[in-house]
Enquirer: 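Structure provided below as C-alpha coordinates; questions to follow.
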Amino acid sequence: MNEISFQPDDSLYRNRDSLSEDYTPQTIVGRDDEIKQYHTALQPVINGEQPSNIFLYGKTGVGKTAVTNYLLNQLADDAHRFDLDLSIISLNCEGLNSSYQVAVNLVNRIRAPEDQISKTGHPQYEIYEFLWRELDALGGTVLLVLDEVDNIGESDSILYQIPRARSNGNIADAKVGIIGISNDLAFRENLSAKVRSSLCEKSISFPPYDATELRSVLEQRADVAFHDNALSTEVLPLCAAYGAQDAGDARKALDLLRGAGDLARANNADMVTEDHVNQAQNELEREELMDGIADLADHQQLVLYALTTLEAEQETPARSQAVFERYKELCTFAAFDARTSRRVRDFLADLAKLSIIISSQRNDGLSGGQYRDHELDHNLTTILNAMSELIERVGIHQTVRTHIQNSDNIVLSE
DNA sequence: TTTCCACAGGAAGGTACGGTCT
DNA sequence: AGACCGTACCTTCCTGTGGAAA
(Lines give C-alpha, C1' and ligand atoms only; values in the text may rest on other atoms or scores of the structure.)
Protein backbone atom coordinates (compact mmCIF):
# COMPACT_ATOMS: atom_id res chain seq x y z
CA MET A 1 0.00 0.00 0.00
CA ASN A 2 1.22 3.46 -0.81
CA GLU A 3 1.29 5.77 2.09
CA ILE A 4 2.10 9.19 0.88
CA SER A 5 1.21 12.54 2.31
CA PHE A 6 2.41 16.10 2.08
CA GLN A 7 3.56 18.12 5.00
CA PRO A 8 5.11 21.56 5.20
CA ASP A 9 8.87 21.58 5.61
CA ASP A 10 10.29 24.85 6.88
CA SER A 11 13.32 23.47 8.65
CA LEU A 12 15.74 25.29 6.33
CA TYR A 13 13.84 28.07 4.62
CA ARG A 14 12.27 31.03 6.30
CA ASN A 15 11.13 32.56 2.98
CA ARG A 16 12.28 30.73 -0.12
CA ASP A 17 10.52 33.18 -2.48
CA SER A 18 12.99 35.90 -1.64
CA LEU A 19 15.54 34.06 -3.77
CA SER A 20 13.40 34.24 -6.88
CA GLU A 21 13.95 36.57 -9.78
CA ASP A 22 10.91 38.74 -9.33
CA TYR A 23 11.44 39.49 -5.67
CA THR A 24 12.29 43.14 -5.05
CA PRO A 25 14.32 43.50 -1.85
CA GLN A 26 13.80 46.36 0.61
CA THR A 27 17.16 47.85 -0.25
CA ILE A 28 19.49 47.28 -3.17
CA VAL A 29 23.03 46.29 -2.32
CA GLY A 30 26.13 47.43 -4.16
CA ARG A 31 24.50 49.62 -6.81
CA ASP A 32 24.66 53.00 -5.07
CA ASP A 33 26.25 54.96 -7.93
CA GLU A 34 23.85 53.58 -10.48
CA ILE A 35 20.86 54.33 -8.30
CA LYS A 36 22.03 57.89 -7.84
CA GLN A 37 22.41 58.47 -11.58
CA TYR A 38 19.10 56.80 -12.25
CA HIS A 39 17.40 58.90 -9.61
CA THR A 40 18.71 62.10 -11.18
CA ALA A 41 17.59 60.97 -14.61
CA LEU A 42 14.06 60.38 -13.32
CA GLN A 43 13.79 63.75 -11.59
CA PRO A 44 11.97 65.48 -14.53
CA VAL A 45 9.11 63.03 -14.09
CA ILE A 46 8.28 64.21 -10.61
CA ASN A 47 8.62 67.83 -11.74
CA GLY A 48 5.92 67.15 -14.30
CA GLU A 49 8.36 67.88 -17.13
CA GLN A 50 9.05 65.94 -20.30
CA PRO A 51 10.80 62.80 -19.03
CA SER A 52 14.28 61.92 -20.23
CA ASN A 53 14.87 58.76 -22.18
CA ILE A 54 17.02 56.52 -20.09
CA PHE A 55 19.06 53.57 -21.24
CA LEU A 56 20.57 50.97 -18.97
CA TYR A 57 23.40 48.83 -20.21
CA GLY A 58 24.94 45.80 -18.56
CA LYS A 59 25.20 42.04 -18.73
CA THR A 60 22.47 39.75 -17.38
CA GLY A 61 22.01 39.55 -13.64
CA VAL A 62 23.77 42.79 -12.70
CA GLY A 63 20.69 44.39 -11.18
CA LYS A 64 19.27 46.48 -14.02
CA THR A 65 15.76 45.14 -13.71
CA ALA A 66 15.87 44.97 -9.92
CA VAL A 67 16.99 48.60 -9.63
CA THR A 68 14.37 49.66 -12.15
CA ASN A 69 11.56 47.95 -10.25
CA TYR A 70 12.80 49.40 -7.00
CA LEU A 71 13.03 52.98 -8.29
CA LEU A 72 9.83 52.91 -10.29
CA ASN A 73 7.85 51.58 -7.33
CA GLN A 74 9.15 54.49 -5.32
CA LEU A 75 8.45 56.90 -8.17
CA ALA A 76 4.87 55.68 -8.52
CA ASP A 77 4.28 56.17 -4.79
CA ASP A 78 5.69 59.67 -4.84
CA ALA A 79 3.81 60.61 -7.99
CA HIS A 80 0.65 59.57 -6.21
CA ARG A 81 1.63 61.65 -3.20
CA PHE A 82 2.12 64.77 -5.35
CA ASP A 83 -1.01 64.09 -7.35
CA LEU A 84 0.82 63.52 -10.61
CA ASP A 85 -0.72 61.55 -13.44
CA LEU A 86 1.89 58.88 -14.11
CA SER A 87 1.51 55.62 -16.04
CA ILE A 88 4.24 53.04 -16.25
CA ILE A 89 3.99 50.49 -19.04
CA SER A 90 6.50 47.65 -18.84
CA LEU A 91 7.26 45.30 -21.66
CA ASN A 92 9.82 42.57 -21.89
CA CYS A 93 11.02 42.45 -25.48
CA GLU A 94 12.28 38.88 -25.31
CA GLY A 95 11.27 37.15 -28.52
CA LEU A 96 10.24 40.40 -30.19
CA ASN A 97 12.67 41.11 -32.95
CA SER A 98 11.26 44.15 -34.61
CA SER A 99 9.88 47.55 -33.73
CA TYR A 100 6.63 46.45 -35.28
CA GLN A 101 6.20 43.64 -32.77
CA VAL A 102 7.16 45.87 -29.87
CA ALA A 103 4.57 48.43 -30.94
CA VAL A 104 1.87 45.77 -31.24
CA ASN A 105 2.68 44.47 -27.78
CA LEU A 106 2.66 47.96 -26.29
CA VAL A 107 -0.77 48.64 -27.75
CA ASN A 108 -2.07 45.36 -26.38
CA ARG A 109 -0.49 46.04 -23.01
CA ILE A 110 -2.42 49.30 -22.76
CA ARG A 111 -5.69 48.06 -24.25
CA ALA A 112 -8.30 46.00 -22.46
CA PRO A 113 -8.10 42.20 -22.98
CA GLU A 114 -11.22 42.14 -25.19
CA ASP A 115 -9.82 44.85 -27.43
CA GLN A 116 -6.47 43.37 -28.48
CA ILE A 117 -5.05 43.69 -31.98
CA SER A 118 -3.46 40.83 -33.90
CA LYS A 119 0.27 40.51 -34.29
CA THR A 120 0.31 40.55 -38.10
CA GLY A 121 -1.60 41.95 -41.02
CA HIS A 122 -1.59 45.64 -40.19
CA PRO A 123 0.66 48.02 -42.10
CA GLN A 124 3.39 49.55 -39.98
CA TYR A 125 2.00 53.10 -39.91
CA GLU A 126 -1.32 51.81 -38.65
CA ILE A 127 0.29 50.16 -35.66
CA TYR A 128 1.95 53.44 -34.78
CA GLU A 129 -1.40 55.22 -35.18
CA PHE A 130 -2.91 52.79 -32.66
CA LEU A 131 -0.03 53.39 -30.30
CA TRP A 132 -0.25 57.19 -30.45
CA ARG A 133 -3.96 57.05 -29.79
CA GLU A 134 -3.51 54.79 -26.76
CA LEU A 135 -0.71 56.90 -25.34
CA ASP A 136 -2.71 60.08 -25.75
CA ALA A 137 -5.69 58.46 -24.08
CA LEU A 138 -3.51 57.68 -21.08
CA GLY A 139 -2.37 61.28 -20.92
CA GLY A 140 -0.12 62.72 -18.22
CA THR A 141 3.35 61.26 -18.04
CA VAL A 142 3.91 57.82 -19.53
CA LEU A 143 7.06 55.81 -18.96
CA LEU A 144 7.61 52.93 -21.34
CA VAL A 145 9.95 50.38 -19.84
CA LEU A 146 11.41 48.19 -22.56
CA ASP A 147 13.34 45.36 -20.95
CA GLU A 148 15.82 43.44 -23.13
CA VAL A 149 15.24 46.01 -25.85
CA ASP A 150 18.35 44.85 -27.74
CA ASN A 151 16.18 42.02 -29.11
CA ILE A 152 14.79 44.37 -31.73
CA GLY A 153 18.23 44.51 -33.34
CA GLU A 154 18.50 46.60 -36.47
CA SER A 155 14.83 47.34 -36.73
CA ASP A 156 14.91 50.20 -34.23
CA SER A 157 12.44 52.66 -35.77
CA ILE A 158 10.24 52.68 -32.69
CA LEU A 159 13.06 54.24 -30.71
CA TYR A 160 13.08 57.00 -33.28
CA GLN A 161 9.33 57.40 -33.58
CA ILE A 162 8.41 57.68 -29.91
CA PRO A 163 10.66 60.60 -28.96
CA ARG A 164 9.47 62.49 -32.04
CA ALA A 165 5.79 61.67 -31.71
CA ARG A 166 5.06 64.83 -29.77
CA SER A 167 6.86 67.25 -32.07
CA ASN A 168 5.35 65.53 -35.08
CA GLY A 169 1.93 66.19 -33.67
CA ASN A 170 1.07 62.52 -33.27
CA ILE A 171 0.67 62.88 -29.54
CA ALA A 172 -0.75 65.96 -27.88
CA ASP A 173 -1.64 65.10 -24.31
CA ALA A 174 0.92 62.60 -23.09
CA LYS A 175 4.56 63.12 -22.19
CA VAL A 176 6.26 59.90 -23.09
CA GLY A 177 9.66 58.73 -21.90
CA ILE A 178 11.44 55.51 -22.78
CA ILE A 179 13.42 53.45 -20.34
CA GLY A 180 15.40 50.94 -22.36
CA ILE A 181 17.19 48.06 -20.71
CA SER A 182 19.81 46.24 -22.73
CA ASN A 183 21.98 43.21 -22.08
CA ASP A 184 24.02 43.92 -25.13
CA LEU A 185 26.71 46.48 -24.50
CA ALA A 186 27.18 47.06 -28.21
CA PHE A 187 23.51 47.76 -28.81
CA ARG A 188 24.00 51.48 -28.40
CA GLU A 189 26.73 51.63 -31.04
CA ASN A 190 24.61 49.62 -33.44
CA LEU A 191 21.63 51.93 -33.25
CA SER A 192 21.09 53.84 -36.45
CA ALA A 193 22.32 57.43 -36.48
CA LYS A 194 18.77 58.71 -36.81
CA VAL A 195 17.74 56.96 -33.62
CA ARG A 196 20.78 58.04 -31.67
CA SER A 197 20.27 61.70 -32.44
CA SER A 198 16.58 61.74 -31.56
CA LEU A 199 16.84 59.68 -28.41
CA CYS A 200 19.11 62.09 -26.50
CA GLU A 201 19.28 59.50 -23.84
CA LYS A 202 20.81 59.39 -20.42
CA SER A 203 22.74 56.18 -20.33
CA ILE A 204 23.69 54.35 -17.19
CA SER A 205 26.00 51.41 -17.34
CA PHE A 206 25.85 48.60 -14.83
CA PRO A 207 29.21 46.90 -14.34
CA PRO A 208 29.29 43.22 -13.31
CA TYR A 209 29.19 42.58 -9.58
CA ASP A 210 32.60 41.73 -8.20
CA ALA A 211 32.88 38.78 -5.80
CA THR A 212 32.52 41.00 -2.72
CA GLU A 213 29.39 42.72 -3.97
CA LEU A 214 27.98 39.41 -5.03
CA ARG A 215 28.51 38.13 -1.52
CA SER A 216 26.69 41.09 -0.01
CA VAL A 217 23.78 40.49 -2.35
CA LEU A 218 23.68 36.82 -1.40
CA GLU A 219 24.00 37.56 2.30
CA GLN A 220 21.13 40.02 2.15
CA ARG A 221 18.84 37.56 0.42
CA ALA A 222 19.98 34.57 2.45
CA ASP A 223 19.16 36.43 5.67
CA VAL A 224 15.56 36.65 4.55
CA ALA A 225 15.40 33.27 2.87
CA PHE A 226 17.04 30.91 5.34
CA HIS A 227 16.90 30.32 9.06
CA ASP A 228 19.95 31.24 11.07
CA ASN A 229 22.65 28.57 10.86
CA ALA A 230 20.97 26.86 7.92
CA LEU A 231 23.96 27.56 5.69
CA SER A 232 27.43 26.24 6.33
CA THR A 233 30.07 28.95 6.09
CA GLU A 234 31.47 28.07 2.68
CA VAL A 235 28.10 28.09 0.87
CA LEU A 236 27.74 31.80 0.13
CA PRO A 237 31.36 32.36 -0.93
CA LEU A 238 31.09 29.40 -3.27
CA CYS A 239 27.86 30.65 -4.85
CA ALA A 240 29.45 34.07 -5.18
CA ALA A 241 32.48 32.52 -6.85
CA TYR A 242 30.34 30.68 -9.40
CA GLY A 243 28.39 33.88 -10.03
CA ALA A 244 31.56 35.91 -10.47
CA GLN A 245 32.79 33.33 -12.97
CA ASP A 246 29.58 33.91 -14.88
CA ALA A 247 30.33 37.58 -15.55
CA GLY A 248 29.12 38.80 -12.14
CA ASP A 249 25.67 37.38 -12.63
CA ALA A 250 23.70 37.72 -9.40
CA ARG A 251 20.67 35.92 -10.75
CA LYS A 252 22.76 32.83 -11.50
CA ALA A 253 24.23 32.98 -8.03
CA LEU A 254 20.79 33.26 -6.46
CA ASP A 255 19.40 30.42 -8.57
CA LEU A 256 22.34 28.36 -7.48
CA LEU A 257 21.74 29.13 -3.83
CA ARG A 258 18.10 28.19 -4.16
CA GLY A 259 19.02 25.02 -6.05
CA ALA A 260 21.41 24.06 -3.26
CA GLY A 261 18.75 24.80 -0.65
CA ASP A 262 16.22 22.66 -2.48
CA LEU A 263 18.67 19.78 -2.70
CA ALA A 264 19.43 20.01 1.00
CA ARG A 265 15.74 20.05 1.80
CA ALA A 266 15.07 17.05 -0.44
CA ASN A 267 17.82 15.15 1.37
CA ASN A 268 16.47 16.13 4.77
CA ALA A 269 19.79 17.73 5.58
CA ASP A 270 19.77 20.12 8.51
CA MET A 271 22.25 22.37 6.75
CA VAL A 272 23.09 23.46 3.20
CA THR A 273 26.67 22.45 2.40
CA GLU A 274 29.32 22.97 -0.23
CA ASP A 275 28.37 19.62 -1.77
CA HIS A 276 24.82 20.77 -2.31
CA VAL A 277 26.11 23.84 -4.12
CA ASN A 278 28.35 21.83 -6.40
CA GLN A 279 25.58 19.37 -7.14
CA ALA A 280 23.16 22.18 -7.83
CA GLN A 281 25.68 23.78 -10.17
CA ASN A 282 25.88 20.58 -12.24
CA GLU A 283 22.15 20.25 -12.19
CA LEU A 284 21.57 23.83 -13.39
CA GLU A 285 24.14 23.50 -16.13
CA ARG A 286 22.50 20.31 -17.36
CA GLU A 287 19.02 21.79 -17.27
CA GLU A 288 20.14 24.79 -19.24
CA LEU A 289 21.63 22.57 -21.90
CA MET A 290 18.58 20.31 -22.08
CA ASP A 291 16.28 23.31 -22.48
CA GLY A 292 18.55 24.80 -25.10
CA ILE A 293 18.55 21.63 -27.16
CA ALA A 294 14.84 20.93 -26.77
CA ASP A 295 14.07 24.36 -28.22
CA LEU A 296 16.02 23.70 -31.41
CA ALA A 297 14.21 23.11 -34.69
CA ASP A 298 14.45 19.67 -36.33
CA HIS A 299 17.22 20.50 -38.77
CA GLN A 300 19.30 22.19 -36.12
CA GLN A 301 19.00 19.08 -34.01
CA LEU A 302 19.89 16.94 -37.00
CA VAL A 303 23.07 18.95 -37.47
CA LEU A 304 23.84 18.46 -33.81
CA TYR A 305 23.07 14.76 -34.17
CA ALA A 306 25.46 14.62 -37.11
CA LEU A 307 28.22 16.12 -35.03
CA THR A 308 27.35 13.80 -32.15
CA THR A 309 27.79 10.71 -34.31
CA LEU A 310 31.14 12.05 -35.46
CA GLU A 311 32.15 12.56 -31.86
CA ALA A 312 31.10 9.01 -31.05
CA GLU A 313 33.50 7.85 -33.75
CA GLN A 314 36.18 10.10 -32.33
CA GLU A 315 36.15 12.02 -35.58
CA THR A 316 35.97 15.39 -33.85
CA PRO A 317 36.92 18.17 -34.11
CA ALA A 318 35.23 17.96 -37.47
CA ARG A 319 35.07 20.46 -40.31
CA SER A 320 31.81 22.05 -41.37
CA GLN A 321 32.02 20.03 -44.58
CA ALA A 322 32.30 16.73 -42.70
CA VAL A 323 29.36 17.64 -40.50
CA PHE A 324 27.40 18.59 -43.60
CA GLU A 325 28.13 15.23 -45.27
CA ARG A 326 27.01 13.30 -42.20
CA TYR A 327 23.97 15.54 -41.90
CA LYS A 328 22.98 14.75 -45.47
CA GLU A 329 23.28 11.02 -44.73
CA LEU A 330 21.03 11.42 -41.73
CA CYS A 331 18.54 13.38 -43.80
CA THR A 332 18.37 10.60 -46.38
CA PHE A 333 18.07 8.03 -43.61
CA ALA A 334 15.23 9.97 -41.99
CA ALA A 335 13.58 11.04 -45.26
CA PHE A 336 14.10 14.72 -44.52
CA ASP A 337 14.82 17.35 -47.17
CA ALA A 338 18.42 18.42 -46.58
CA ARG A 339 19.21 22.11 -46.31
CA THR A 340 22.15 23.63 -48.16
CA SER A 341 25.65 23.76 -46.73
CA ARG A 342 25.31 27.50 -46.27
CA ARG A 343 22.30 26.94 -44.06
CA VAL A 344 24.10 24.24 -42.10
CA ARG A 345 26.92 26.71 -41.41
CA ASP A 346 24.27 29.00 -39.89
CA PHE A 347 23.02 26.15 -37.73
CA LEU A 348 26.52 25.40 -36.52
CA ALA A 349 27.01 29.05 -35.66
CA ASP A 350 23.73 28.98 -33.69
CA LEU A 351 24.82 25.90 -31.77
CA ALA A 352 28.12 27.53 -30.91
CA LYS A 353 26.36 30.66 -29.70
CA LEU A 354 24.28 28.52 -27.37
CA SER A 355 27.46 26.90 -26.03
CA ILE A 356 26.24 23.49 -27.11
CA ILE A 357 29.23 23.01 -29.37
CA ILE A 358 32.64 24.64 -29.64
CA SER A 359 33.68 26.02 -33.01
CA SER A 360 37.11 27.33 -33.70
CA GLN A 361 38.62 28.85 -36.78
CA ARG A 362 41.55 27.05 -38.35
CA ASN A 363 43.86 27.94 -41.16
CA ASP A 364 46.23 25.59 -42.92
CA GLY A 365 47.43 28.20 -45.35
CA LEU A 366 48.24 27.46 -48.91
CA SER A 367 47.63 23.74 -48.60
CA GLY A 368 44.49 23.86 -46.51
CA GLY A 369 42.93 27.30 -46.44
CA GLN A 370 40.56 28.60 -43.85
CA TYR A 371 37.85 26.50 -42.22
CA ARG A 372 36.04 25.84 -38.96
CA ASP A 373 36.39 22.93 -36.58
CA HIS A 374 33.48 21.79 -34.44
CA GLU A 375 33.17 19.57 -31.39
CA LEU A 376 30.64 19.02 -28.62
CA ASP A 377 30.95 21.27 -25.60
CA HIS A 378 29.29 18.68 -23.36
CA ASN A 379 29.21 15.08 -22.41
CA LEU A 380 28.03 12.86 -25.29
CA THR A 381 25.51 11.08 -23.07
CA THR A 382 23.87 14.31 -21.90
CA ILE A 383 23.47 15.52 -25.45
CA LEU A 384 22.03 12.23 -26.68
CA ASN A 385 19.53 12.32 -23.84
CA ALA A 386 18.51 15.85 -24.67
CA MET A 387 17.88 14.84 -28.27
CA SER A 388 16.06 11.63 -27.43
CA GLU A 389 12.79 12.80 -28.91
CA LEU A 390 14.35 13.49 -32.30
CA ILE A 391 16.48 10.37 -32.25
CA GLU A 392 13.49 8.20 -31.58
CA ARG A 393 11.82 9.80 -34.55
CA VAL A 394 14.67 9.44 -37.04
CA GLY A 395 16.23 6.29 -35.64
CA ILE A 396 19.50 5.47 -33.96
CA HIS A 397 22.57 5.91 -36.08
CA GLN A 398 24.89 2.91 -36.01
CA THR A 399 27.85 4.88 -34.72
CA VAL A 400 26.08 5.93 -31.56
CA ARG A 401 24.36 2.58 -31.08
CA THR A 402 27.34 1.05 -29.33
CA HIS A 403 27.71 4.08 -27.20
CA ILE A 404 24.06 3.91 -26.20
CA GLN A 405 24.29 0.20 -25.41
CA ASN A 406 27.36 0.70 -23.23
CA SER A 407 25.79 3.48 -21.30
CA ASP A 408 23.37 2.66 -18.51
CA ASN A 409 21.94 6.14 -18.04
CA ILE A 410 20.54 6.82 -21.47
CA VAL A 411 16.80 6.81 -21.53
CA LEU A 412 16.39 6.01 -25.22
CA SER A 413 14.17 3.18 -26.21
CA GLU A 414 14.46 1.46 -29.57
C1' DT B 1 56.89 39.19 -49.98
C1' DT B 2 53.54 37.11 -52.52
C1' DT B 3 50.45 33.42 -53.51
C1' DC B 4 46.59 30.79 -52.93
C1' DC B 5 43.57 27.42 -50.50
C1' DA B 6 38.93 26.33 -48.63
C1' DC B 7 35.94 27.72 -46.69
C1' DA B 8 33.27 31.87 -43.72
C1' DG B 9 29.68 34.59 -43.81
C1' DG B 10 27.36 39.01 -45.89
C1' DA B 11 23.80 40.45 -49.28
C1' DA B 12 19.87 39.93 -51.79
C1' DG B 13 16.01 37.85 -53.10
C1' DG B 14 12.31 34.00 -53.12
C1' DT B 15 8.43 31.58 -50.89
C1' DA B 16 4.99 30.37 -47.66
C1' DC B 17 2.21 31.62 -43.82
C1' DG B 18 -0.95 33.86 -40.78
C1' DG B 19 -3.00 37.86 -40.62
C1' DT B 20 -6.07 42.60 -42.14
C1' DC B 21 -8.99 45.36 -45.17
C1' DT B 22 -12.26 46.29 -48.78
C1' DA C 1 -12.11 36.77 -53.19
C1' DG C 2 -8.07 39.19 -53.75
C1' DA C 3 -4.77 42.88 -52.67
C1' DC C 4 -1.65 43.76 -49.21
C1' DC C 5 1.40 43.33 -44.74
C1' DG C 6 5.38 41.71 -41.85
C1' DT C 7 8.23 37.92 -40.99
C1' DA C 8 10.46 33.23 -40.67
C1' DC C 9 13.12 30.43 -43.14
C1' DC C 10 15.75 29.21 -47.25
C1' DT C 11 18.73 29.41 -51.40
C1' DT C 12 21.94 31.54 -54.51
C1' DC C 13 25.72 34.23 -55.36
C1' DC C 14 29.78 36.11 -54.19
C1' DT C 15 33.48 38.75 -51.73
C1' DG C 16 36.59 38.40 -47.78
C1' DT C 17 40.26 36.30 -45.07
C1' DG C 18 44.49 34.44 -42.36
C1' DG C 19 48.44 32.17 -42.59
C1' DA C 20 51.55 28.20 -44.46
C1' DA C 21 54.12 27.52 -48.41
C1' DA C 22 56.68 29.14 -52.35
Side-chain angles (χ1 to χ4, degrees), chain A residues 91-109 111 113-134 146 148-162 184 186 189-190 192 195 292-307 310 315-328 330-332 334-354 356-375 390:
Chain A
L91 179 69
N92 190 316
C93 303
E94 192 186 349
L96 309 177
N97 30 25
S98 69
S99 282
Y100 183 93
Q101 292 168 350
V102 170
V104 169
N105 277 272
L106 280 175
V107 170
N108 283 338
R109 183 56 57 89
R111 285 196 176 189
E114 65 274 13
D115 214 12
Q116 304 275 302
I117 56 174
S118 88
K119 296 184 188 334
T120 51
H122 305 280
Q124 180 129 18
Y125 70 86
E126 205 169 275
I127 298 290
Y128 283 133
E129 287 297 316
F130 288 149
L131 182 58
W132 307 144
R133 230 172 297 154
E134 294 305 327
L146 304 178
E148 306 193 33
V149 67
D150 44 306
N151 278 287
I152 66 169
E154 309 278 280
S155 138
D156 51 12
S157 74
I158 195 170
L159 299 179
Y160 164 75
Q161 295 287 347
I162 292 178
D184 178 1
E189 274 72 63
N190 295 339
S192 61
V195 170
I293 292 178
D295 287 344
L296 296 174
D298 281 353
H299 283 274
Q300 287 176 307
Q301 288 203 29
L302 268 176
V303 169
L304 179 59
Y305 191 17
L307 183 61
L310 290 170
E315 294 289 327
T316 53
R319 291 186 174 211
S320 308
Q321 267 307 315
V323 178
F324 179 55
E325 293 304 325
R326 175 58 55 84
Y327 158 80
K328 278 196 293 190
L330 287 174
C331 279
T332 314
F336 278 47
D337 258 356
R339 303 289 176 251
T340 56
S341 65
R342 176 71 188 85
R343 190 72 188 126
V344 168
R345 284 204 291 273
D346 279 343
F347 290 151
L348 287 167
D350 292 344
L351 293 171
K353 204 170 239 169
L354 292 166
I356 296 170
I357 68 173
I358 302 177
S359 302
S360 40
Q361 224 173 38
R362 289 286 143 74
N363 195 328
D364 290 351
L366 194 120
S367 59
Q370 205 166 72
Y371 57 94
R372 267 180 182 286
D373 256 353
H374 312 276
E375 60 191 313
L390 175 100

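Chain identifiers are assigned alphabetically (A, B, ...) following the order of the sequence lines, protein sequences preceding nucleic acid strands; residue numbering begins at 1 within each chain. Since we're looking at a predicted model, the values are computed, not measured.
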Enquirer: Can you measure A/R345 atom CZ to C/dC10 atom C1' for me and round it to whole angstrom units?
Expert: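 Those two atoms, CZ and C1', are 14 Å apart.
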Enquirer: When the distance from CD of A/Q361 to P of C/dA20 is rounded to whole Å, what number comes out?
Expert: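 The answer, rounded to whole Å, is 13 Å.
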Enquirer: Just do the side chain to side chain contact (heavy atoms under 4.5 Å, CB included) check on A/N97 and A/N151 with the steps written out, would you?
Expert: CA-CA 5 Å; A/N97 30 25; A/N151 278 287; 5.5 Å; no
Enquirer: How long is the span from the CZ atom in A/F130 to the CG atom in A/L106, to the nearest 0.5 Å?
Expert: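 It comes to 14.0 Å.
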Enquirer: Quick one: A/K353 NZ to B/dG9 P, roughly how many Å, whole number?
Expert: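 Going from NZ in A/K353 over to P in B/dG9 covers 10 Å.
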Enquirer: Can you find a side chain N or O atom of A/S320 that sits less than 4.0 Å from OP1 or OP2 on B/dA8?
Expert: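 For B/dA8, OP1 or OP2 has a side-chain N or O of A/S320 closer than 4.0 Å.
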Enquirer: Taking CD from A/E325 and P from B/dA6, how many angstroms apart are they, rounded to a whole number?
Expert: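 These atoms are roughly 15 Å apart.
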Enquirer: If you check the A/Q124 side chain, which of C/dG6, B/dC7, C/dC10 turns out closest?
Expert: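 Per side-chain heavy atoms of A/Q124, the pick is C/dG6.
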Enquirer: Are the side chains of A/W132 and A/I162 in touch, meaning some heavy atoms are under 4.5 Å apart?
Expert: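 With C-beta onward as the side chain, the pair touches.
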Enquirer: Any salt bridge linking A/D346 with A/R343? Criterion: basic side-chain nitrogen under 4.0 Å from a carboxylate oxygen.
Expert: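 A salt bridge links A/D346 with A/R343.
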Enquirer: Just to confirm, is there a sub-4.0 Å distance from OP1 or OP2 of B/dA8 to any side-chain nitrogen or oxygen of A/N363?
Expert: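 Indeed not, no polar side-chain atom of A/N363 lies that close.
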Enquirer: Can you measure A/Q370 atom CD to B/dC7 atom P for me and round it to whole angstrom units?
Expert: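 Those two atoms, CD and P, are 11 Å apart.
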Enquirer: Rounded to the nearest Å, what distance is computed from the OH atom of residue A/Y371 to the P atom of nucleotide B/dA6?
Expert: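 After rounding, the gap between these two atoms is 11 Å.
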Enquirer: Using atom CG of A/D373 as one end and atom P of B/dC7 as the other, report the distance to the nearest whole Å.
Expert: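 In whole Å, B/dC7 P and A/D373 CG are 11 Å from each other.
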Enquirer: For A/S98 and C/dT7, is the shortest distance between a side-chain N/O and OP1 or OP2 below 4.0 Å?
Expert: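 Checking C/dT7 against A/S98, a side-chain N or O does come within under 4.0 Å of OP1 or OP2.
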Enquirer: Measuring to OP1 and OP2 of C/dA8, would you say a side-chain N or O of A/Q101 lies under 4.0 angstrom away?
Expert: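 Result: yes.
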Enquirer: If we check side-chain hydrogen bond (donor to acceptor under 3.5 Å, both in side chains) with A/S359, which of these qualifies: A/E375, A/K353, A/R372, A/H374?
Expert: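 Of the listed residues A/E375, A/K353, A/R372, A/H374, the side-chain hydrogen bond (donor to acceptor under 3.5 Å, both in side chains) partner of A/S359 is A/H374.
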Enquirer: Judged by atom type as modelled, is there a donor-acceptor pair below 3.5 Å linking the side chain of A/E126 to the main-chain atoms of A/P123?
Expert: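 Checked: no pair found.
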Enquirer: Answer with base, sugar-phosphate or nothing: what part of the nucleic acid does A/D346 contact at a heavy-atom distance below 4.0 Å?
Expert: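 No contact at all - A/D346 keeps every heavy atom at 4.0 Å or more from the nucleic acid.
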Enquirer: Will you find, in the side chains of A/Y327 and A/H299, an N or O donor that is under 3.5 Å from an N or O acceptor?
Expert: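 Distance-only check passes for A/Y327 and A/H299.
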Enquirer: Can you tell me if A/R343 touches the phosphate of C/dC10, counting only side-chain N or O atoms and a distance under 4.0 Å to OP1 or OP2?
Expert: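 Answer is yes, contact under 4.0 Å.
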Enquirer: Between B/dC7, B/dC4, C/dA8, which nucleotide has the shortest distance from any of its atoms to the side chain of A/L366?
Expert: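 From the listed options, B/dC4 comes nearest.
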Enquirer: Using whole Å, what does the distance between atom P of nucleotide C/dC9 and atom CZ of A/F347 come to?
Expert: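 That distance rounds to 9 Å.
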Enquirer: Taking the nucleotide of DNA chain B with the nearest heavy atom to each, does A/D364 or A/H374 sit closer to the 5' end?
Expert: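 Its nucleotide being nearer the 5' end, the pick is A/D364.
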Enquirer: Go along nucleotides 11-22 of chain B 5' to 3' and tag each nucleotide: B for a protein heavy atom under 4.0 Å from its base, S when only backbone or sugar atoms are that close, - otherwise.
Expert: -------BBSS-
Enquirer: From the list C/dA21, C/dT7, C/dT11, which nucleotide is the closest neighbour of the side chain of A/S367?
Expert: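 Of all the options, the side chain of A/S367 is nearest to C/dA21.
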Enquirer: Does A/T316 use its side chain to pair, donor to acceptor, with the backbone of A/A318 at less than 3.5 Å?
Expert: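 It does not hold such a pair.
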Enquirer: Report yes if at least one side-chain N or O of A/R372 is closer than 4.0 Å to OP1 or OP2 of B/dA8; otherwise report no.
Expert: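 Indeed not, no polar side-chain atom of A/R372 lies that close.
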